[in-house]
Amino acid sequence: MEKTGLVMLFETLAINNGRILNLDYHNRRFKQGQLFLHCQSMIDDIADIICVPDEFNNKFIRCRVTYDKYNIKVEYFGYTPKSIQSFKIIECDEIDYAYKYDDRNLLNQLLSQKGDCDEIIIIKNGLVTDCSIGNLLFLKDNHWYTPDTPLLQGTQRAYLLEAQKVHLANIDKNDIWQYEKVMMINSLNAFDENRAILTKYIV
């Protein structure tokens, strides 16, 4: 794909043994992205452009689909999960990530402020949003909640909400420590309580 100067979006897909996980949710967001960009030709099913190379057969891999109004590019990578044991709170009222933009410069600038922590929790207008690589879940009284002010409507988050495994909550920055645990989720990291950490490791 050549750089065109146009707005570019991307989808990150988890593929396990050749099967795209949460395909319906990716297709929904992929369609929204194509409409937003006014793409010249619409692709209804992202699976139609996926052809996993032989070297990745029978593996859990990351697939990145990058696209603009005219072009589309598909790449495949091995995947090693990021270990998150601590978060740093970073405030930014100007951030806008309603679509999965390929330009992540501001997110990377915010992440560079994490210090000794592994990840960041982005606060916008006093409210909890996301971390730099996914949505967030918070545990309180044996129920999991996700902020109703996310930067991005993640596919894993959408699935968990529809399955009623998590619930929406308006989470003020000062209310974070009323919750017991926090967990990052994204297309490659499904709900797994073993990945949750105590909120005392948020600074």
| request: In sequence, state the C-alpha distance, the side-chain angles, and the governing distance for Arg64 and Leu13, and then conclude on side-chain contact (heavy atoms from CB on, under 4.5 Å). | output: CA-CA 6 Å; Arg64 180 185 170 101; Leu13 310 172; over 6 Å; no
| Any side-chain heavy atom of Tyr76 sitting closer than 4.5 Å to one from Arg62? | no
| task | Give the minimum heavy-atom separation between Leu111 and Ile120, together with the two atoms involved. | result | N-CD1, 3.7 Å
| Is a side-chain N or O of Arg104 found less than 3.5 angstrom from the main chain of Gln109, in a donor-acceptor match? | no
| message | Is there a path of hydrophobic side-chain contacts, each under 4.5 Å between heavy atoms of I/L/V/M/F/W/Y residues, joining Leu198 to Leu139? | response | no
| message | With a 4.5 Å cut-off on side-chain heavy atoms, are Phe30 and Asp44 touching? | response | no
| query | In terms of hydrophobic clustering (I, L, V, M, F, W, Y; side-chain heavy atoms under 4.5 Å; direct or indirect links), are Ile95 and Phe36 co-clustered? | reply | yes
| Sub-4.5 Å side-chain heavy-atom contact between Asn27 and Leu23 | yes
| field | Check against salt bridge (Lys or Arg N to Asp or Glu O under 4.0 Å), Glu11 and Lys31 | value | CA-CA 11 Å; Glu11 280 292 314; Lys31 181 177 182 179; over 6 Å; no
| query | Backbone N or O of Val7 within a donor-acceptor pair of the Asp68 side chain at under 3.5 Å? | reply | no
| note | What one should report as the nearest heavy-atom pair of Phe191 and Leu160 is CB-CD2, 4.0 Å
| request: Please test Ile72 against Val65 for side-chain contact (heavy atoms from CB on, under 4.5 Å), starting from the C-alpha separation and ending with a verdict. | output: CA-CA 7 Å; Ile72 192 162; Val65 178; 3.7 Å; yes
| request: Carefully, step by step, assess Ile121 and Ile123 under the rule side-chain contact (heavy atoms from CB on, under 4.5 Å). | output: CA-CA 6 Å; Ile121 292 177; Ile123 307 296; 4.1 Å; yes
| task | Check whether more than 12 heavy atoms from other residues, nucleotides or ligands sit under 6.0 Å from atom NZ of Lys165, and answer yes or no. | result | no
| task | Output yes when Glu75 and Lys73 qualify as a salt bridge under the 4.0 Å nitrogen-oxygen rule, no when they do not. | result | yes
| Is the backbone of Leu151 close enough, under 3.5 Å, to the side chain of Asp130 for a donor and an acceptor to pair up by distance? | yes
| Heavy-atom side-chain proximity of Leu35 to Met42 below 4.5 angstrom | yes
| query | Is a donor on one side and an acceptor on the other found under 3.5 Å between the side chain of Tyr97 and the backbone of Tyr101? | reply | yes
| said: Between Ile61 and Leu188, is there shared hydrophobic-cluster membership here, with clusters defined by ILVMFWY side-chain heavy atoms closer than 4.5 Å? | reply: no
| query | Just checking, any donor-acceptor pair under 3.5 angstrom between side chains of Arg157 and Thr155? | reply | no
| Is it the case that Ser132 and Glu119 place a side-chain donor and acceptor less than 3.5 Å from each other? | yes
| Hey, is OH on Tyr201 packed in by over 12 heavy atoms from elsewhere, all under 6.0 Å? | no
| Judged by atom type as modelled, is there a donor-acceptor pair below 3.5 Å linking the side chain of Asp96 to the main-chain atoms of Ala98? | yes
| Taking C-beta and beyond as the side chain, do Leu137 and Val182 meet within less than 4.5 Å on heavy atoms? | no
| remark: Rounded to the nearest 0.5 angstrom, the CE-NZ distance for Met8 and Lys69 is 15.0 Å
| Side-chain heavy atoms of Val74 within contact of Cys63, under 4.5 Å | yes
| task | Measure the shortest side-chain to side-chain distance between Lys173 and Leu127 over non-hydrogen atoms and say whether it is less than 4.5 angstrom. | result | no
| message | Tell me whether the rings of His143 and His167 are parallel (<30°), tilted (30 to 60°) or perpendicular (>60°). | response | perpendicular
| query | Can you hop from Phe87 to Leu152 via hydrophobic side chains spaced under 4.5 Å? | reply | no
| query | Where do Gly154 and Arg29 come nearest, in terms of heavy atoms and distance? | reply | CA-NH1, 3.7 Å
| query | Can we call the ring centroids of Phe56 and Phe77 under 6.0 Å apart? | reply | no
| task | Would you indicate whether the side-chain heavy atoms of Ser187 and His26 approach each other to under 4.5 Å? | result | yes
| Which distance, rounded to the nearest 0.5 Å, do you find between the OG of Ser86 and the CD1 of Ile202? | 10.0 Å
| Looking just at side-chain N and O atoms, do Tyr79 and Lys59 make a donor-acceptor pair shorter than 3.5 Å? | no
| message | Are Tyr145 and Phe138, when compared by the centres of their aromatic rings, separated by less than 6.0 Å? | response | no
| request: Give the minimum heavy-atom separation between Lys124 and Thr129, together with the two atoms involved. | output: CB-CG2, 3.8 Å
| Distance in Å, Leu9 CG paired with Cys39 SG, rounded so as to fall on 0.5 Å steps | 7.5 Å
| message | Would Thr80 and Phe60 count as a side-chain contact (heavy atoms from CB on, under 4.5 Å) here? Give the steps. | response | CA-CA 9 Å; Thr80 301; Phe60 184 87; over 6 Å; no
| Distance (rounded to the nearest 0.5 Å) between His38 NE2 and Leu6 CG | 12.0 Å
| field | Asp116 atom CG, over 12 foreign heavy atoms within 6.0 Å | value | no
| Should the pair Lys181-Glu193 be classified as a salt bridge under the 4.0 Å nitrogen-to-oxygen rule? | no
| message | Would you say Ile89 ends up clustered with Ile84 if hydrophobic residues are merged whenever their side chains have heavy atoms under 4.5 Å apart, either directly or through other cluster members? | response | yes
| request: Indicate the atoms forming the closest heavy-atom contact of Pro150 with Asp148, along with that distance. | output: CD-C, 3.2 Å
| message | Could you measure the distance from the OH atom of Tyr179 to the CG atom of Asp141? Nearest 0.5 Å is fine. | response | 10.0 Å
| Rounded to the nearest 0.5 Å, how far does CG of Asp175 lie from CD of Gln178? | 4.5 Å
| note | Closest non-hydrogen contact found for Gln156 with Asn189 is CG-O, 4.1 Å
| field | Side-chain donor-acceptor pair present, Asn186, Asn135, cut-off under 3.5 Å | value | no
